[in-house]
Amino acid sequence: MQKVKISIMLIALMLSGSVNLLNAQGDKVPTVKLNNGWEMPRFGLGTFMASNDDCKRACLVAFRNGYRHVDTAHAYGNERGVGEAVKESGIPRGELWITSKLWPSEYGEGKTAEAIDKMLARLQLDYIDLLYVHQPVGDFVGAWKDMEKAVAAGKVRTLGISNFDDSDEVFSAIVDKMTVKPAVLQIECHPYAQRLDIREKIKPYNIQLECWFPLGGAMSQGVLLKDPVIKKIADTHGKSPAQITIRWHIQEGFSVIPGATNPDYIKENIEIFDFALSDDEMTTMRSLNKNQRFFNMTLEQKQGFVNMRMND
Ligand SMILES: NC(=O)c1ccc[n+]([C@@H]2O[C@H](COP(=O)([O-])OP(=O)(O)OC[C@H]3O[C@@H](n4cnc5c(N)ncnc54)[C@H](OP(=O)(O)O)[C@@H]3O)[C@@H](O)[C@H]2O)c1
């Protein structure tokens, strides 16, 4: 009788939304201990191209399905959506990993400190788990100095470099010269562009790789997910090509943040911890590499980002 009462109470609490239970998938999301000691879930939700409202909805679906890591950026214009979802979810802050990125127009000593405070306000958070310099143009060294101060002040826990694969010079300017070392590098990476050189380059620094466009991105028009080799492996496991691709990222040791607003995709993408690719299947996936990136912009073209203003 007592057991029945407890079960009814639990069901009532779950329906009222006042308890958040991780599903079996969420429980199994692997983490990585970064070079600064913080532990980051190696799987999360990407939010590129999502409006504030769509982003909030997507985060809430994701949280209900066990996601605890969200990747946003000032440039995406949806940090408010992330913050609202975090609040509404009721999930203890310590269980979440929230990443955002500073845009080049907010780089510079003093200026970046102000930008971080505005970011915290948009996210309605006291601290950001991982803060990136989004692009390697403009005064990213000045930005990094303010980011180091934000770490010391407890406003940010981990610093990362995003798209610092454009040249050795920009990579070295942060990695070799700054006091607080980056813990994560975020770059385009997927089975068609496996980024072997940069993966070797970051190894001595113990920098974690995090992959954007892990499914090829919207610009690829789904070409990666239509690959017959991936489709064949998917059929073997009774999984989708997206699930096989994300599972490949996880088994390669990457952090992966597939973007999705479609609730079915959000659910599907985390259902990858109940199977494993064999060594042969991993070798086959690795053979798909053809250094084919879907986003191609030179460092010179990126200089224009410095003058691109964004709303607070
Ligand atoms: N640092 C950078 O410069 C940078 C650049 C790009 C992206 N990022 C980050 O990395 C994240 C991932 O990249 P991304 O979102 O651009 O590309 P992506 O994750 O490779 O692909 C997202 C696209 O795939 C679709 N999709 C998601 N799950 C699917 C599934 N199971 N089956 C079929 N289609 C599926 C999505 O559709 P729906 O939207 O319809 O659900 C969306 O069109 C971004 O969201 C962002 O957080 C960072």
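Taking 4.5 Å as the limit, some side-chain heavy atom of I116 sits within range of a side-chain heavy atom of L120. Within the 4.5 Å cutoff, side-chain heavy atoms of F273 are placed close to those of R247. With contacts defined as side-chain heavy-atom distances shorter than 4.5 Å, the pair I272/K239 does not qualify. Put simply, the side chain of H249 does not reach to within 4.5 Å of the side chain of F43, judged on heavy atoms. Between E109 and K149, some side-chain heavy-atom pair lies under the 4.5 Å cut-off. Counting heavy atoms from C-beta outward, V70 and L96 have side chains that stay 4.5 Å or more apart. Using a 4.5 Å heavy-atom threshold, the side chains of L299 and S167 count as touching. Using a 4.5 Å heavy-atom threshold, the side chains of L131 and M119 count as touching.
Considering all non-hydrogen atoms of both residues, G216 and F294 come closest at O-CD1, 3.4 Å. P258 approaches P214 most closely through the heavy-atom pair CA-CG, 3.7 Å. Taking all atoms of both residues into account, the shortest heavy-atom contact from R195 to E188 is NH1-O, 2.8 Å. When all heavy atoms of A58 and T261 are compared, the closest pair comes out as CB-CA, 4.2 Å. Minimum interatomic distance between R42 and V29 (heavy atoms only, all atoms of both residues): N-CG1, 4.2 Å. The shortest non-hydrogen separation linking L45 to A260 is CD1-O, 3.7 Å.
Not a single donor-acceptor pair under 3.5 Å links the side chain of S162 to the backbone N or O of I187. Judged by distance alone, with hydrogens and angles left aside, the side-chain atoms of R68 form no donor-acceptor pair with the main-chain N or O of E95 at under 3.5 Å. One N or O on the side chain of K181 and one on the backbone of V175 form a donor-acceptor pair closer than 3.5 Å. Proximity of a side-chain donor or acceptor of N78 to a complementary backbone N or O of A50 within less than 3.5 Å is detected. In this structure, the side chain of Q251 engages the main chain of L277 through a donor-acceptor pair within 3.5 Å. In this structure, N35 contributes its side chain and P182 its backbone to a donor-acceptor pair below 3.5 Å. With hydrogens and angles ignored, the 3.5 Å screen pairs a side-chain donor or acceptor of Y67 with a backbone N or O of I266. With Q194 contributing its side chain and S287 its backbone, the two residues share no donor-acceptor pair below 3.5 Å. A distance-only check finds no donor-acceptor pair linking the side chain of W103 to the backbone of H134 [under 3.5 Å]. Judged purely by atom type and a 3.5 angstrom limit, D129 has no side-chain atom pairing as donor or acceptor with the backbone of T99.
Note: the hydrophobic cluster containing V61 also contains L215 (ILVMFWY, side chain heavy atoms under 4.5 Å, direct or indirect links). The cluster map of Ile, Leu, Val, Met, Phe, Trp and Tyr, joined by side-chain heavy atoms under 4.5 Å apart, puts I257 and F63 in different clusters. There is a path of hydrophobic side-chain contacts, each under 4.5 Å, that joins W212 to V170. At a threshold of 4.5 Å between side-chain heavy atoms, the hydrophobic network of Ile, Leu, Val, Met, Phe, Trp and Tyr places I198 and L196 in two separate groups.
Counting non-hydrogen atoms of other residues, nucleotides and ligands closer than 6.0 Å to CG of D126 gives a total of 12 or fewer. Within a 6.0 Å radius of CD in E39, more than 12 heavy atoms belonging to other residues, nucleotides or ligands are found. When the shell of 6.0 Å around CG of D197 is examined, it contains 12 or fewer heavy atoms from other residues, nucleotides or ligands. More than 12 heavy atoms of other residues, nucleotides or ligands lie within 6.0 Å of CD in Q124, so this atom counts as buried by the packing criterion. Around the CE atom of M310, the shell of radius 6.0 Å holds more than 12 heavy atoms that belong to other residues, nucleotides or ligands. The neighbour count for D117 CG, taken as heavy atoms of other residues, nucleotides or ligands under 6.0 Å away, is above 12. Crowding of Q221 atom CD: a count of heavy atoms from other residues, nucleotides or ligands under 6.0 Å not exceeding 12.
With sequence neighbours excluded, the residues satisfying ring pair (Phe, Tyr, Trp, His ring centres under 6.0 Å) with F275 are H237.
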Legend entry - Residues E252, R199; criterion salt bridge (charged side-chain N to carboxylate O under 4.0 Å, His left out); working and verdict: CA-CA 11 Å; E252 285 290 48; R199 281 161 65 184; 3.6 Å; yes
Inset, instruction - Take K111 and D146 through the test salt bridge (charged side-chain N to carboxylate O under 4.0 Å, His left out) and record every step on the way to the result. - result: CA-CA 8 Å; K111 200 170 170 187; D146 274 7; over 6 Å; no
Inset, instruction - Please assess T158 against V156 for the test side-chain contact (heavy atoms from CB on, under 4.5 Å), listing each intermediate value before the final yes or no. - result: CA-CA 6 Å; T158 298; V156 176; 5.8 Å; no
Inset, instruction - Verify salt bridge (charged side-chain N to carboxylate O under 4.0 Å, His left out) between D53 and K56, making sure each step is shown before the conclusion. - result: CA-CA 5 Å; D53 286 349; K56 178 180 174 183; over 6 Å; no
Inset, instruction - Given side-chain contact (heavy atoms from CB on, under 4.5 Å), test I128 with K155 step by step and report yes or no. - result: CA-CA 6 Å; I128 298 156; K155 295 178 181 182; over 6 Å; no
Legend entry - Verdict with reasoning, S255 to H69, per side-chain contact (heavy atoms from CB on, under 4.5 Å): CA-CA 10 Å; S255 172; H69 171 170; 3.9 Å; yes
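Relative to the six-membered ring of Y127, R93 meets both conditions, a distance below 6.0 Å and an angle of at most 45° to the axis. With a 6.0 Å cutoff to the six-membered ring centre and a 45° limit on the axis angle, K201 counts as a cation-pi contact of F171.
Residue pairs meeting the salt bridge (charged side-chain N to carboxylate O under 4.0 Å, His left out) criterion with at least one partner in residues 203-216, sequence neighbours excluded, are E200-K203.
In this structure, M40 CE and R157 CZ are separated by 14.0 Å, a value rounded to the nearest 0.5 Å. Distance check: L185 CG to L209 CG gives 5.5 Å after rounding to the nearest 0.5 Å. Taken to the nearest 0.5 Å, the CZ atom of R286 stands 11.5 Å off from the CG atom of L288. Interatomic distance, I250 CD1 to I246 CD1, rounded to the nearest 0.5 Å: 8.5 Å. Interatomic distance, CD of Q243 versus CG of D274, reported as 8.0 Å (0.5 Å rounding). From R57, atom CZ reaches atom CG of N52 across 11.0 Å, with rounding to the nearest 0.5 Å.
A donor-acceptor contact closer than 3.5 angstrom links the side chains of S172 and D176.
With L123 as the fixed residue, the side-chain contact (heavy atoms from CB on, under 4.5 Å) test singles out one of K87, E79, R80: E79.
Taking the six-membered ring where the residue is Trp, F254 and W248 present perpendicular rings, their angle passing 60° and hence far from 30°. Aromatic ring pairs are classed by plane angle as parallel below 30°, tilted from 30° to 60° and perpendicular above 60°; the pair F213 and F48 is tilted.
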Please list, one pair per line, the donor and acceptor atoms closer than 3.5 Å that link side chains of residues 137-145 to other protein atoms, with sequence neighbours excluded.
{"residue": "D139", "atom": "OD1", "partner": "G142", "partner atom": "N", "Å": "2.8"}
{"residue": "W144", "atom": "NE1", "partner": "E148", "partner atom": "OE2", "Å": "3.4"}
{"residue": "W144", "atom": "NE1", "partner": "V180", "partner atom": "O", "Å": "2.9"}

